[in-house]
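Reviewing the structure listed below.
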Amino acid sequence: KATAHRTLALLERNEVIERVGTNYRLGTRLHELGRTMYAPGQEELRDLLIPFLTDLYSTARETVHLAALYGTDVVYLAKLYGHRQLASPSRIGHRIPAHCTAVGKVMLAYDPDATEMALAGPLRRYTDRTIADPRALADELASIRRNGIAVENGEVQPGLSCVAVPVIGPAGKPVAALSVSGSTGRLDIRIHAATLRHIASAAARALPTGRRLPVH
């Protein structure tokens, strides 16, 4: 008990935690560290697109995500949970390789530079459905460009499916992606794809044209 109190006192002095009565909660330092996960401008982008994520959730009633590219990873900028939650590796500020997520694949598909980097690097396998072969990924990205949507079925976690569309910026490259996720077999890809296209189009029209938005 004495060791635990000394550790808590040290964490409190460094603002990693803060005391609330007799309890503790995360401190400002952790929030500052979390903010460094975002590239410059991504917080502004998140704030611009949050209303559209809210619209998506109101229609889909499933877990929805807003994500952006960070090199060959995706970083989750925002997430709203559906009532029928399913365990998922996506967390706000968390990064996952783009090739195994719907949000990541749909942004790679419309970003030639990011695609080249992803195809040149190792493709980590998370499940037996993860696309780990560069040729197969290139074919998948070509299909996504033709259809305008990306689908993920158990590629990062068994039993989890996701459908995503890009939010295209004024420069013609994706600045973010929106997605709907749920359990495989229950998620209606066709219906959610139509909703996603409509909302992503509205979001793209709302983006400022006079300022540079982050594209990585």
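One-based numbering along the sequence shown. The model shown is predicted, which means the values in this text are computed figures rather than measured ones.
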Item to check | Polar contact flag, side-chain donor to acceptor under 3.5 angstrom, Ser201-Arg197 | outcome: no

Please tabulate, for side-chain N and O atoms in residues 153-169, each donor-acceptor pair with protein atoms closer than 3.5 Å (sequence neighbours left out).
unit_1	atom_1	unit_2	atom_2	d
Asn153	OD1	Ser161	OG	2.5
Glu155	OE1	Lys105	NZ	3.0
Glu155	OE2	Lys105	NZ	3.1
Glu155	OE2	Asn153	N	3.4
Gln157	NE2	Ala87	O	2.3
Ser161	OG	Thr184	OG1	2.6

Next on the checklist: If I compare all heavy atoms of Ala78 with all of Arg46, which pair ends up nearest, and what's the gap?
Outcome noted: CB-CG, 4.4 Å

Cut-off 3.5 Å, no hydrogens considered: what does the side-chain donor-acceptor table look like for residues 113-124, sequence neighbours left out?
unit_1	atom_1	unit_2	atom_2	d
Asp113	OD2	Lys173	NZ	3.2
Thr115	OG1	Leu108	O	2.4
Thr115	OG1	Asp111	O	3.1
Arg124	NH1	Tyr126	OH	3.2

Checklist outcome for this item: Looking only at heavy atoms, the pair that brings Leu178 and Ile199 closest together is CD1-CG2, 4.0 Å

Checklist entry - For Arg186, which residues count as a salt bridge (Lys or Arg N to Asp or Glu O under 4.0 Å) partner, sequence neighbours excluded? => result Glu62

Item to check | Considering all heavy atoms, the nearest Val64-Val180 contact | outcome: CG1-CG2, 4.1 Å

Checklist entry - What are the two closest non-hydrogen atoms of Ile144 and Ala150, and how far apart are they? => result CD1-CB, 3.6 Å

Next on the checklist: Main chain of Arg135, side chain of Asp133: is a donor-acceptor contact present, judged purely on distance under 3.5 Å?
Outcome noted: yes

Item to check | Sole residue of Met107, His99, Arg95 in side chain to side chain contact (heavy atoms under 4.5 Å, CB included) with Val74 | outcome: Met107

Item to check | Arg125 to Ala132 - nearest heavy-atom pair and separation | outcome: NH2-CB, 3.4 Å

Checklist entry - Are Ile50 and Phe52 grouped together when hydrophobic residues (ILVMFWY) are joined by side-chain heavy atoms under 4.5 angstrom apart? => result yes

Checklist outcome for this item: Correct closest heavy-atom pair for Tyr81 and Tyr57 would be O-CE1, 3.2 Å

Checklist entry - So, does Thr59 use its side chain to make a donor-acceptor pair with the main chain of Asp55 at under 3.5 Å? => result yes

Item to check | Distance-only side-chain donor-acceptor flag, Lys79 / Thr63, under 3.5 Å | outcome: no

Checklist entry - Does the ring centre of Tyr76 sit less than 6.0 Å away from the ring centre of His65? => result yes

